[in-house]
J.: 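Okay, handing you the structure first.
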Amino acid sequence: MFNKIVPRSEDYAKWYTQVIRQAEMADYAPVRGCMVVRPYGFALWENVKEQLDSRFKATGHQNAAFPLFIPMSFIEKEAEHVEGFKPELAVVTHGGGKKLDEPLVVRPTSETIIGYMYSQWIQSYRDLPVLINQWANVVRWELRPRLFLRTMEFFWQEGHTAHATHAEAKEETLRILDIYTDFAVNEAAIPVIPGRKSESEKFPGALTSYTIEAMMGDKRGLQAGTSHDLGQNFAKAFDIQYLDANQKQQHCWTTSWGVSTRMIGAIIMAHGDDQGLVLPPRLAPTQLVIVPITPKNREDDKQAVMDAVAKICETLDGVRYHVDDRHDYSPGWRFNEWELKGVPLRIEIGPRDLQKDQVVLARRDILGRDGPRGGKTFVAIDNVANEVKQMLDTIQADMLKRATAFRDANTFEPTSYEAFQEVVEEGFARAWWCGDEACEAKVKEDTQATIRCVPIAQPDGAGHCIVCGAAAEEIAIFARAY
RNA sequence: CGGGGCGUAGCGCAGCCCGGCUAGCGCGUCUGCUUUGGGAGCAGAAGGUCGGAGGUUCAAAUCCUCUCGCCCCGACCA
């Protein structure tokens with residue numbers, strides 16, 4: 001199945017969907033707003049999972065599994081939480097052929113049911129902290145779905161922790177934000193801006209929400225992960241209390257944090273080009289594809305090529321490679337296929353290479369045929385493994401550099417509201433903000449842009465709000481977002 | 001829920017405005033031969049309730065009415 005994909009510049013939304021479907025990452029399900037994650041997409045997700053999971057465990061978290069169904073009354077216990085989630089709940093009213101006494105909500109997120117369980121498990125300060133994560137699917141009745149970015153059902157991890165003090169909870173919230181940032185930058189090669197959400201954008205029920213914000217290939221923003229300081233809001237709603245060392249009952253301080261399959265969408269949009277996906281080597285399901293070029297009527301040549309391939313494979317320990325020996329597909333066809341799928345590195349090897357004891361190494365992130373600076377280089381056949389490993393590191397680093405350069409080139413620091421309105425249409429606008437919700441709302445009305453975050457990293461000094469001119473202490477990132 | 005677009009072969013589409021022979025085309029699939037260093041060529045073959053229901057007509061993919069669904073742009077959101 002081969003159809004040319006539409007260039008990004010022509011129709012970004014169409015490009016995005018075409019790439020996902022043609023690269024076999026995902027497909028539409030028969031139910032509106034739901035998607036099927038196909039094996040190739042899921043393999044990428046599994047690598048994301050593995051990287052995050054190992055970081056969670058290294059910081060003392062354990063995995064568990066909580067139920068899919070939540071009693072409706074649970075959702076209603078925290079005022080802001082209900083208000084935020086009620087409109088997008090899927091509710092089960094019947095079971096076993098009978099109407100249920102109390103409707104069950106298909107979890108949109110699990111603070112409530114986990115909070116309920118924590119209230120039973122936590123008695124003493126000695127029980128704290130509780131550090132639990134779960135990998136799960138959740139459902140939100142979204143009005144306008146989009147593959148990976150916003151589907152009605154999506155996959156994610158949600159961490160839920162309980163602490164004795166607010167200081168500890170804050171520390172946890174920021175520790176996770178660091179983990180997310182580290183993951184995004186060093187594994188996904190996506191430069192993200194860690195920061196705080198504004199009041200209007202924060203998680204329903206949180207005291208403070210933190211986020212990592214990324215820029216996509218069309219210069220729009222994407223929230224790629226969130227970490228919430230829930231204060232004592234859920235502890236109070238669910239009665240999560242402990243007896244402290246002075247024999248006093250105290251409410252716990254809780255946090256929650258999540259990264260979803262949206263991260264896959266971020267990877268696609270941060271790195272993809274008109275040829276298809278470009279996957280960062282550290283997460284790519286296949287890091288290296290070997291394409292043997294074997295003339296049909298020369299069995300001895302074919303055998304020699306395949307022997308050389310087998311020999312190379314023996315040296316590739318630690319590399320996720322695949323040999324595409326579909327000899328009935330032409331080399332060009334196979335090249336294009338793997339480029340569409342974003343495999344970071346390709347080895348081309350044919351009889352002509354064998355004569356010179358070399359192979360062709362072609363990198364996905366730099367297309368172009370020839371020359372030492374192009375995407376293709378010749379590499380001595382004895383040294384393939386070393387070159388491959390080095391090249392994978394180089395690609396990983398270059399992808400991050402390229403994405404960072406792109407983001408920086410499209411980040412502006414306007415000094416007047418007029419200039420602000422213009423630049424926010426074509427990238428990130430960094431500007432002073434007084435903190436007033438009215439100014440935030442005005443920006444949204446005038447430009448459709450929202451505050452993506454108030455970055456953790458702030459410049460020295462103070463300035464004047466880009467909207468109202470009042471004294472401002474913080475810089476905010478404004479952008480149009482998904 | 002508002003605005004736009006679309007449902008015809010596995011996929012992508014033309015045909016519809018202006019009704020008329022057996023509903024076409026490209027890709028893919030199957031068979032055979034020739035091919036393989038950037039999406040191979042030739043020959044042959046299979047594959048269709050034209051989204052659904054009703055209506056108009058001698059005759060409907062095409063016109064009318066109703067209906068279902070999907071995609072895109074907004075409002076809402078990880």
Side-chain angles (χ1 to χ4, degrees), chain A residues 1-6 11-18 21-22 27-34 83-89 108-109 138-158 180 197 200-204 209 211-214 221-228 256-266 275-276 291-298 301-302 305 326-340 346-355 359-360 362 367-370 375-376 378 444-445 448 450 480-482:
Chain A
M1 187 210 316
F2 158 58
N3 291 296
K4 206 134 184 84
I5 49 182
V6 70
D11 188 339
Y12 198 82
K14 206 168 184 180
W15 168 85
Y16 178 74
T17 346
Q18 285 182 345
R21 300 187 71 193
Q22 288 190 36
D27 208 346
Y28 288 110
V31 177
R32 188 196 74 92
C34 292
E83 202 192 326
F85 281 107
K86 199 102 194 219
E88 49 189 66
L89 294 179
T109 177
V138 289
V139 168
R140 296 181 189 178
W141 213 263
E142 297 293 350
L143 299 176
R144 200 146 92 71
R146 213 167 158 66
L147 290 173
F148 286 115
L149 299 182
R150 198 178 300 102
T151 43
M152 295 224 300
E153 179 194 23
F154 60 93
F155 302 88
W156 73 346
Q157 58 69 213
E158 48 179 325
Y180 287 165
K197 280 285 177 193
S200 70
E201 298 266 326
K202 74 168 195 199
F203 177 78
S209 286
T211 173
I212 49 171
E213 292 290 325
L222 182 79
Q223 175 175 312
T226 46
S227 183
H228 313 292
S256 70
W257 27 275
V259 158
S260 72
T261 31
R262 167 179 277 194
M263 185 58 81
I264 306 294
Q275 203 64 226
V291 180
I293 297 156
T294 52
K296 202 171 208 171
N297 295 326
R298 306 206 303 268
D301 275 351
K302 180 175 171 179
V305 169
R326 295 175 297 175
H327 302 291
D328 41 347
Y329 288 86
S330 75
W333 195 94
R334 285 177 281 168
F335 296 166
N336 278 284
E337 162 112 337
W338 294 110
E339 279 168 10
L340 171 65
R346 177 177 72 236
I347 286 179
E348 305 168 10
I349 176 168
R352 282 190 342 230
D353 298 304
L354 291 189
Q355 283 171 12
V359 302
V360 175
L367 294 172
R369 300 227 171 116
D370 308 302
K376 284 194 185 187
F378 297 106
K444 189 168 184 183
E445 200 185 312
Q448 286 184 317
T450 50
R480 295 191 57 180
Y482 281 101

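Just so you know, these numbers use all the heavy atoms, side chains as well, and skip hydrogens, waters and symmetry mates. Within every chain, numbering begins at 1; the chains are lettered A, B, ... in the order of the sequence lines, protein sequences first and strands thereafter.
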J.: Partners of A/Arg352 by salt bridge (charged side-chain N to carboxylate O under 4.0 Å, His left out), sequence neighbours excluded?
T.: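 Once residues adjacent in sequence are excluded, A/Arg352 has no partner under the salt bridge (charged side-chain N to carboxylate O under 4.0 Å, His left out) criterion.
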J.: Report the distance from atom CG of A/Asn336 to atom C1' of B/C27, rounded to the nearest whole Å.
T.: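 From A/Asn336 CG to B/C27 C1': 15 Å.
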J.: Excluding sequence neighbours, so at least two apart, what forms ring pair (Phe, Tyr, Trp, His ring centres under 6.0 Å) with A/Phe154?
T.: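 Expected list: A/Trp156.
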J.: Tabulate atom names and distances for all N/O pairs under 3.5 angstrom spanning the protein and nucleotides 32-35 of chain B.
T.:
unit_1	atom_1	unit_2	atom_2	d
B/U35	OP2	A/Asn297	ND2	2.5
B/U35	O4	A/Lys296	NZ	2.2

J.: Salt-bridge test for A/Arg298 and A/Asp301: reply yes if a basic N is under 4.0 Å from a carboxylate O, no otherwise.
T.: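 Result for this pair is yes, salt bridge flagged.
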J.: Between A/Val6 and A/Gln18, which heavy-atom pair has the shortest distance, and what is it?
T.: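 Answer, listing the atom of A/Val6 first, then A/Gln18: N-OE1, 2.8 Å.
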J.: Whole-Å distance between B/A75 P and A/Arg144 CZ?
T.: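 The distance from CZ of A/Arg144 to P of B/A75 comes to 9 Å, rounded to the nearest Å.
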J.: If I take atom CD in residue A/Gln22 and atom P in nucleotide B/G10, what distance separates them, rounded to the nearest angstrom?
T.: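 Going from A/Gln22 (CD) to B/G10 (P), I get 18 Å.
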J.: Taking the C1' atom in each of B/G7 and B/U67, what is the distance between them to the nearest angstrom?
T.: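 Here B/G7 and B/U67 have their C1' atoms 14 Å from each other.
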J.: Just to be sure I follow the notation: if a pair is Watson-Crick (purine N1 to pyrimidine N3 plus N6-O4 or O6-N4) or a G-U wobble (N1-O2 and O6-N3), each under 3.5 Å, what dot-bracket string does RNA chain B give, with | for pairs to another strand?
T.: ((((((((.[[[[.)....(...]]]].((((((.....)))))).....[[[[[..)....]]]]])))))))....
J.: How are the rings of A/Tyr180 and A/Trp257 set relative to one another: parallel (under 30°), tilted (30 to 60°) or perpendicular (over 60°)?
T.: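 It falls in the perpendicular class, over 60°.
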J.: Considering only side-chain heavy atoms of A/Leu143, which listed nucleotide, B/U29, B/C76, B/G37, is closest?
T.: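 Minimum distance to the A/Leu143 side chain belongs to B/C76.
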J.: Which pair of non-hydrogen atoms, one from A/Ile349 and one from A/Val305, has the smallest distance, and what is that distance?
T.: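 The answer is O-CG1, 3.6 Å.
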J.: Could you list the residues that satisfy side chain to side chain contact (heavy atoms under 4.5 Å, CB included) with A/Lys444, not counting sequence neighbours?
T.: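 Side chain to side chain contact (heavy atoms under 4.5 Å, CB included) list for A/Lys444, sorted by chain: A/Thr450.
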J.: Which pairs of donor and acceptor atoms, one on a side chain in residues 140-148 of chain A, lie under 3.5 Å apart (sequence neighbours left out)?
T.:
unit_1	atom_1	unit_2	atom_2	d
A/Arg140	NE	A/Pro108	O	2.7
A/Arg140	NH2	A/Pro108	O	2.7

J.: Could you work out which one of B/C77, B/G38, B/G37 sits closest to the side chain of A/Glu88?
T.: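 The listed nucleotide nearest to A/Glu88's side chain is B/C77.
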J.: Looking for any heavy atom pair under 4.0 Å, which part of the strands does A/Pro331 touch: base, sugar-phosphate only, or nothing?
T.: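 Base, at least one base heavy atom under 4.0 Å.
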J.: Checking contacts here: which listed nucleotide (B/C73, B/G37, B/G74) is nearest the side-chain heavy atoms of A/Ile293?
T.: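 So the nucleotide nearest the side chain must be B/G37.
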J.: Can you check the A/Asp27 CG to B/G12 P distance for me, whole Å?
T.: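 Spelled out: CG on A/Asp27 to P on B/G12 is 10 Å.
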J.: Looking for any heavy atom pair under 4.0 Å, which part of the strands does A/Pro351 touch: base, sugar-phosphate only, or nothing?
T.: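 A/Pro351: base contact, heavy atoms under 4.0 Å.
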J.: Take A/Leu222 and A/Asp11, find for each the nucleotide of RNA chain B with the closest heavy atom, and name the residue whose nucleotide sits nearer the 5' end.
T.: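 So the residue in question is A/Asp11.
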J.: Looking across every strand, which nucleic acid part, if any, lies under 4.0 Å from A/Glu445 by heavy atom: base, sugar-phosphate, or nothing?
T.: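 Nothing: the residue A/Glu445, judged by heavy atoms under 4.0 Å, touches no strand.
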J.: Looking across every strand, which nucleic acid part, if any, lies under 4.0 Å from A/Gly258 by heavy atom: base, sugar-phosphate, or nothing?
T.: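 Contact class for A/Gly258: none.
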J.: Between the base of B/G38 and the side chain of A/Arg346, is one N or O donor paired with an acceptor at under 3.5 angstrom?
T.: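 Indeed, a donor on one side and an acceptor on the other fall under 3.5 Å apart.
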J.: So if I take every side-chain heavy atom of A/Ala13 and compare against B/C72, B/C76, B/G39, which nucleotide ends up nearest?
T.: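 Nearest to the side-chain atoms of A/Ala13, counting from C-beta on, is B/C72.
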J.: Can you find a side chain N or O atom of A/Gln223 that sits less than 4.0 Å from OP1 or OP2 on B/C77?
T.: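 Checking A/Gln223 against B/C77: no side-chain N or O falls below 4.0 Å of OP1 or OP2.
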J.: Between B/A40, B/G74, B/G38, spot the one nearest the side chain of A/Trp333, thanks.
T.: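 The answer is B/A40, which lies nearest to the side chain.
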J.: Apply side chain to side chain contact (heavy atoms under 4.5 Å, CB included) to A/Pro87 and list each qualifying residue two or more places apart in sequence or on a separate chain.
T.: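 A/Pro87 satisfies side chain to side chain contact (heavy atoms under 4.5 Å, CB included) with no other residue.
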J.: Using atom names, set out every protein N or O paired with an N or O of nucleotides 68-70 of chain B below 3.5 Å, distance rounded to 0.1 Å.
T.:
unit_1	atom_1	unit_2	atom_2	d
B/C70	OP1	A/Arg32	N	3.4

J.: Rounding to the closest angstrom, what is the interatomic distance between B/G3 and B/G44 at atom C1'?
T.: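 So the two C1' atoms sit 50 Å from each other.
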J.: Restricting to side chain to side chain contact (heavy atoms under 4.5 Å, CB included), what partner residues turn up for A/Thr211, sequence neighbours left out?
T.: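 Partners of A/Thr211 under the side chain to side chain contact (heavy atoms under 4.5 Å, CB included) test: A/Lys197, A/Glu213, A/Gln223, A/Thr226, A/Cys453.
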J.: So what does A/Ser227 hit on the nucleic acid, given a heavy-atom distance under 4.0 Å: a base, only sugar-phosphate, or nothing?
T.: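 Answer is nothing: A/Ser227 stays at 4.0 Å or more from every strand.
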J.: Which nucleotide in the list B/C73, B/G39, B/G38 gets nearest to the side chain of A/Ser330?
T.: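 The closest nucleotide is B/G39.
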J.: Of all residues at least two apart in sequence or in a different chain, which pass the side chain to side chain contact (heavy atoms under 4.5 Å, CB included) check with A/Gln275?
T.: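 A/Gln275 satisfies side chain to side chain contact (heavy atoms under 4.5 Å, CB included) with A/Asp273, A/Asn336, A/Glu339, A/Arg364, A/Leu367 only.
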J.: Can you tell me how far P of B/G4 sits from NZ of A/Lys14, to the nearest Å?
T.: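 That distance rounds to 19 Å.
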J.: What is the distance, to the nearest angstrom, from the CH2 atom on A/Trp338 to the C1' atom on B/G37?
T.: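 Rounding to the nearest Å, CH2 of A/Trp338 and C1' of B/G37 are 19 Å apart.
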J.: Side chain of A/Gln448, heavy atoms from C-beta onward: which of B/G38, B/G74, B/U36 has the nearest atom to it?
T.: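 Nearest nucleotide to the side chain: B/G74.
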J.: Is the phosphate of B/C73 approached by A/Arg480 (side-chain N or O, under 4.0 Å from OP1 or OP2)?
T.: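 False: A/Arg480 side-chain N/O out of range (4.0 Å or more) of B/C73 OP1/OP2.
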J.: Could you tell me how far B/C21 sits from B/U31 if I compare only their C1' atoms? Round to whole Å.
T.: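 B/U31 and B/C21 have their C1' atoms separated by 32 Å.
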J.: Which of the following nucleotides, B/C73, B/C76, B/G38, is nearest to the side chain of A/Lys376?
T.: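 Closest of the options to the side chain of A/Lys376: B/G38.
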J.: Please identify each residue that fulfils side-chain hydrogen bond (donor to acceptor under 3.5 Å, both in side chains) with A/Tyr28, with sequence neighbours left out.
T.: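 A/Tyr28 satisfies side-chain hydrogen bond (donor to acceptor under 3.5 Å, both in side chains) with no residue once adjacent residues are dropped.
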J.: Return the minimal non-hydrogen interatomic distance between A/Pro351 and A/Ile293, and the atom names on each side.
T.: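 Closest approach of A/Pro351 to A/Ile293, heavy atoms only: CD-O, 3.3 Å.
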J.: Round to a whole Å and report the spacing from CZ of A/Arg352 to C1' of B/U36.
T.: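 Atom CZ in A/Arg352 sits about 11 Å away from atom C1' in B/U36.
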J.: Can you tell me, in whole Å, how much space there is between the P of B/G41 and that of B/A60?
T.: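 Rounded to whole Å, the distance is 41 Å.
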J.: Determine the Euclidean distance between corresponding P atoms of B/G19 and B/C64; express it in Å to zero decimal places.
T.: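 B/C64 and B/G19 have their P atoms separated by 11 Å.
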J.: NA contact type, A/Val360, heavy-atom cut-off 4.0 Å: base, sugar-phosphate, or nothing?
T.: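 Base contact.
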J.: Sequence neighbours left out, what passes side-chain hydrogen bond (donor to acceptor under 3.5 Å, both in side chains) with A/Ser227? Give chain and number order.
T.: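 A/Ser227 satisfies side-chain hydrogen bond (donor to acceptor under 3.5 Å, both in side chains) with no residue once adjacent residues are dropped.
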J.: Do A/Arg150 and A/Tyr482 form a cation-pi contact, if we require the NZ or CZ to be under 6.0 Å from the six-membered ring centre and within 45 degrees of the ring's axis?
T.: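 Not satisfied by the 6.0 Å and 45° rule.
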J.: C1' atom, B/U8 versus B/G26: distance in rounded Å?
T.: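 Roughly 15 Å separates the two C1' atoms.
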J.: Can you check the distance between B/G24 and B/U57, where both ends of the measurement are the C1' atom (answer in whole Å)?
T.: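 25 Å, rounded to whole Å.
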J.: Rounded to whole angstrom units, what separation is found between the NZ atom of A/Lys202 and the P atom of B/C77?
T.: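 A/Lys202 atom NZ is separated from B/C77 atom P by 14 Å.
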J.: So if I take every side-chain heavy atom of A/Lys444 and compare against B/C76, B/G38, B/G37, which nucleotide ends up nearest?
T.: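 Between B/C76, B/G38, B/G37, the one nearest the side chain of A/Lys444 would be B/C76.
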